[in-house]
Number of protein chains: 2
Amino acid sequence: MPTHANNALHPTGLAQKLADSGLRTTPQRELVYDVLLTKRDHPTADEVFARVKPELPGISLATVYNCLETLVQCDLVRAVNFERGPTRYCPNLRPHAHFHDEATGQTHDIDLPPVLFAKLKAELPAGFDANAVEITFRGKAKTSLD
Amino acid sequence: MPTHANNALHPTGLAQKLADSGLRTTPQRELVYDVLLTKRDHPTADEVFARVKPELPGISLATVYNCLETLVQCDLVRAVNFERGPTRYCPNLRPHAHFHDEATGQTHDIDLPPVLFAKLKAELPAGFDANAVEITFRGKAKTSLD
DNA sequence: CAACAAATTGGAATGATTCTAAGGTGCAAA
DNA sequence: TTTGCACCTTAGAATCATTCCAATTTGTTG
């Protein structure tokens, strides 16, 4: 039985998906993934680095970038970009949009009914075949929400 | 009567909107705007620079960035970002989405019925007040389209 | 255990953009 | 019309996120 403290956070997902791609489960990858699952505030690579360092003081920023890229490749995490700001990372795999609060800089997940994504794709003229749609709202969130 | 060669391209828009913001009409700003209107392929700042230089050999890249920023501020042009790539510029002011062709890297405008934008905003939970929605499709355009 | 592939690391390199300081430019008031 | 002044442009330096690189470490497999 595994003894890693945070194992409960990713019961089978991480090791499984990594193995599926022929990749190894490393302490760095586990920890980076844990950090994303634990505080789902769309952190940047730098922020992930800061949260990870106390646990694994020897980790390098390059490794954090590598791990994040790996997690994205394995479909465990999504990279989110907002107007040339640093890339943010999101472990929410459901199809959803993002709301960028102009006042606080915070990013919120917005769940949308799948039918809406379908309707959008249906609007594409013939000849356009989309395999992904990204939707980003920009504005102000009146109260402090999650 | 004005004698500027490209004046037909921006009959009143540019000078007017600049004046509205208390800004001057300069040869650099006119030319950058002309370039955007003439070839609407969502060029980057570097590409705009390349197209502008033959007309105005002394222009600097910094100025191109400045002009583009000014045009965006005046609501004459929209800045478009796609996953940390360089910012692209688009003089299409109608509300529309973008389709990013993964094969060619080209960006296409996709006009969407305004009601769809409204429907999207209607999905936002209470407390979220969006003043803009950005929609980006990613995929392949089967044939070569505009 | 030996050999080899996969991962990590620190630092250098890159690319887009912004900043800075130093001239130009042109309207406006005297 | 001169002079003042705010606006603009310019070249180059600086910045920031990210990627690349070469060397080392780690883990797995024969």
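Below, chains carry the letters A, B, ... as their sequence lines are ordered, and counting in each starts from 1. Only a predicted model underlies this, so the values are computations on that prediction, with no experimental measurement involved.
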(request) Using a strict 4.0 Å threshold on nitrogen-to-oxygen distance, state whether B:D34 and B:R29 make a salt bridge. (result)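 Salt bridge: no.
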(request) Inspect the contact between A:K140 and A:D101 and indicate whether a charged nitrogen and a carboxylate oxygen are less than 4.0 angstrom apart. (result)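 Result for this pair is no, no salt bridge flagged.
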Starting from [atom2] on [N], measure out to [atom1] on [X] and report it in whole angstrom.
{"X": "A:R84", "N": "C:dT17", "atom1": "CZ", "atom2": "C1'", "answer": "7 Å"}
{"X": "B:L68", "N": "C:dT17", "atom1": "CG", "atom2": "C1'", "answer": "12 Å"}
{"X": "A:Y65", "N": "D:dC20", "atom1": "OH", "atom2": "P", "answer": "13 Å"}
{"X": "B:Y89", "N": "C:dA16", "atom1": "OH", "atom2": "P", "answer": "12 Å"}
{"X": "B:F49", "N": "C:dA16", "atom1": "CZ", "atom2": "C1'", "answer": "14 Å"}

(request) Verify, without hydrogens or angle tests, whether A:T70 (side chain) and A:N66 (backbone) share a donor-acceptor contact under 3.5 angstrom. (result)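 Confirmed, A:T70 side chain pairs with A:N66 backbone.
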(request) For A:R88 and A:A79, indicate whether the former's side chain and the latter's backbone hold a donor-acceptor pair under 3.5 Å. (result)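 Not confirmed, A:R88 side chain does not pair with A:A79 backbone.
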Identify all pairs in which a protein N or O lies below 3.5 Å from an N or O of nucleotides 8-13 of chain D, and state each distance.
{"from": "D:dC8", "atom 1": "OP1", "to": "B:R24", "atom 2": "N", "distance (Å)": "2.4"}
{"from": "D:dC8", "atom 1": "OP1", "to": "B:R29", "atom 2": "NH1", "distance (Å)": "2.9"}
{"from": "D:dC8", "atom 1": "O5'", "to": "B:R29", "atom 2": "NH1", "distance (Å)": "3.4"}
{"from": "D:dT9", "atom 1": "OP1", "to": "B:T26", "atom 2": "OG1", "distance (Å)": "2.6"}
{"from": "D:dT9", "atom 1": "OP1", "to": "B:Q28", "atom 2": "OE1", "distance (Å)": "3.3"}
{"from": "D:dT9", "atom 1": "O3'", "to": "B:Q28", "atom 2": "NE2", "distance (Å)": "3.2"}
{"from": "D:dT10", "atom 1": "OP1", "to": "B:G58", "atom 2": "O", "distance (Å)": "3.1"}
{"from": "D:dT10", "atom 1": "OP2", "to": "B:S60", "atom 2": "N", "distance (Å)": "3.2"}
{"from": "D:dT10", "atom 1": "OP2", "to": "B:T63", "atom 2": "OG1", "distance (Å)": "2.5"}

(request) State yes or no: are the ring centers of B:H108 and B:H100 separated by less than 6.0 Å? (result)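 No, too far apart.
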(message) Does the plane of the ring in A:H98 sit parallel, tilted or perpendicular to the ring in A:H42? Use 30° and 60° as the thresholds.
(response)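 Perpendicular, since the angle between the ring planes exceeds 60°.
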(request) Have a look at A:T44 and say if it touches a base, only the backbone sugar-phosphate, or nothing, with a 4.0 Å heavy-atom cut-off. (result)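 Since no nucleic acid heavy atom lies under 4.0 Å of A:T44, the category is nothing.
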